[in-house]
2 protein chains.
Amino acid sequence: MDEVFKALADASRRALLDRLHARNGQTLSDLCDGLDMTRQAVTKHLAILEAANLVATIRHGREKLHYLNPVPIHQIGERWIKKFERDKLAALSDLKRRLESRDA
Amino acid sequence: MDEVFKALADASRRALLDRLHARNGQTLSDLCDGLDMTRQAVTKHLAILEAANLVATIRHGREKLHYLNPVPIHQIGERWIKKFERDKLAALSDLKRRLESRDA
DNA sequence: ATAATAGGCAACTAAATGGTTGCATGTCAA
DNA sequence: TTGACATGCAACCATTTAGTTGCCTATTAT
């Protein structure tokens with residue numbers, strides 16, 4: 001879980017996930033295209049995403065195809081976001097009340 | 001959004017959010033209690049959480065009370081997680097198919 | 001066969017990060 | 001009013017991170 005959060009913390013990596021979301025199964029060169037980064041930098045980012053299990057790859061000849069794995073993102077939604085969602089309204093009204101009683 | 005992701009990337013900060021989720025409105029000293037970190041380290045983490053708008057604070061005499069703001073977490077769920085949720089099943093079966101055709 | 005293409009590896013750098021220590025300030029209680 | 005308590009500020013340090021450059025290897029197409 002920690003690896004996933006860390007992987008998602010970087011905007012370039014989130015952008016890569018977005019690209020894969022738009023078109024799955026891209027090669028490294030595909031993913032580099034138009035980015036203001038060297039191929040090696042992209043490789044590193046993809047390695048981090050792969051280590052976090054957010055991306056799976058298969059070699060196809062000299063090409064490496066990258067596929068999005070949505071499961072870890074889903075898990076973050078399930079185990080983390082929803083927890084804070086549950087009593088969101090309660091927390092918010094509480095927060096509001098406290099902030100307003102600042103001058104009381 | 002980037003600040004929120006960065007803030008959530010650290011396990012200590014997520015733990016602080018968990019603590020506030022368990023009991024809202026804690027002081028700095030409260031939050032330090034039992035943690036294996038100096039008070040100053042906790043202060044820094046809280047500052048980052050506050051900058052990301054995940055925590056709101058009010059001074060109450062010499063105490064500083066910390067309140068959880070669930071909105072940014074909710075927004076991540078809305079604008080980010082759900083996007084990948086939508087075609088999760090499609091992506092997964094696609095991924096599975098591709099991985100299996102590895103030897104084809 | 002050979003040149004071009006796709007990717008991998010390793011060393012290095014600069015900046016960000018997470019943490020520390022030491023001291024200062026503001027507020028409350030005896 | 002003075003000591004204790006809650007927090008703030010700043011300098012410093014080690015490690016991690018994001019990125020680079022340079023070179024090497026494997027596969028494909030001519």
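Below, read A as the first sequence line, B as the second, and so on, with proteins coming before strands; counting in each chain starts at 1.
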Taken to the nearest whole Å, CG/D10(B) to P/dT16(D) is 13 Å
In whole angstroms, the gap separating P of dT5(C) from CD of E63(A) amounts to 13 Å
Rounded to whole Å, CG of L65(A) lies from P of dA6(C) at a distance of 12 Å
*asked:* Need one value for S29(B): base, sugar-phosphate or nothing, where a base atom within 4.0 Å counts as base even if backbone is also close, heavy atoms only.
replied: sugar-phosphate
Requested in this report: Could you state whether I48(A) and W80(B) fall into the same hydrophobic cluster, counting links through intermediate Ile, Leu, Val, Met, Phe, Trp or Tyr residues with side-chain heavy atoms under 4.5 angstrom apart?
Outcome: no
Q. Is any side-chain N of the basic residue among D18(A) and K83(B) closer than 4.0 Å to the acidic one's carboxylate O?
A. yes
Separation of dA26(D) atom C1' from H60(A) atom NE2, nearest Å, is 16 Å
Of dG8(D), dG18(C), dT20(C), the nucleotide closest to the side chain of A41(B) is dT20(C)
ask   = When only distance counts, do a donor and an acceptor, one from the side chain of R39(B) and one from the base of dG8(D), lie under 3.5 Å apart?
value = yes
D30(A) atom CG is separated from dA6(C) atom P, nearest whole Å, by 9 Å
Has K64(B) got a side-chain N or O lying under 4.0 Å from the OP1 or OP2 atom of dG8(D)?
yes
Do the ring centers of H21(A) and F84(B) come within less than 6.0 Å of each other? yes
Check: Is the backbone N or O of K64(A) less than 3.5 Å from a side-chain atom of H66(A), with the two atoms forming a donor-acceptor pair by type?
Finding: yes
Rounded to whole Å, the CG-P distance (L35(B) to dG19(C)) equals 10 Å
Between T38(A) and dT20(D), does any side-chain N or O lie under 4.0 Å from OP1 or OP2? yes
Here the distance between atom P of dC5(D) and atom CG of D33(B), to the nearest Å, is 14 Å
Atom CZ of R14(A) and atom P of dA18(D) are separated, to the nearest Å, by 11 Å
_Electrostatic pair R14(B)-D10(B), nearest N-O below 4.0 angstrom_ = no
Assert: residue with more 5' nearest nucleotide on DNA chain D, out of G61(A) and M37(A), is M37(A)
field: Phosphate OP1/OP2 of dG8(C) contacted by R62(A) side-chain N/O (<4.0 Å)
entry: no
So for Q40(A) and dG7(C), does any side-chain atom that can act as donor or acceptor lie under 3.5 Å from a complementary atom in the base? no
Are any of H45(B)'s side-chain N or O atoms less than 4.0 Å away from OP1 or OP2 of dG19(C)? yes
Between K44(A) and H66(A), whichever has its closest DNA chain C nucleotide further toward 5' is H66(A)
R59(A) has its side chain closest, among dG7(C), dG8(D), dG22(D), to dG7(C)
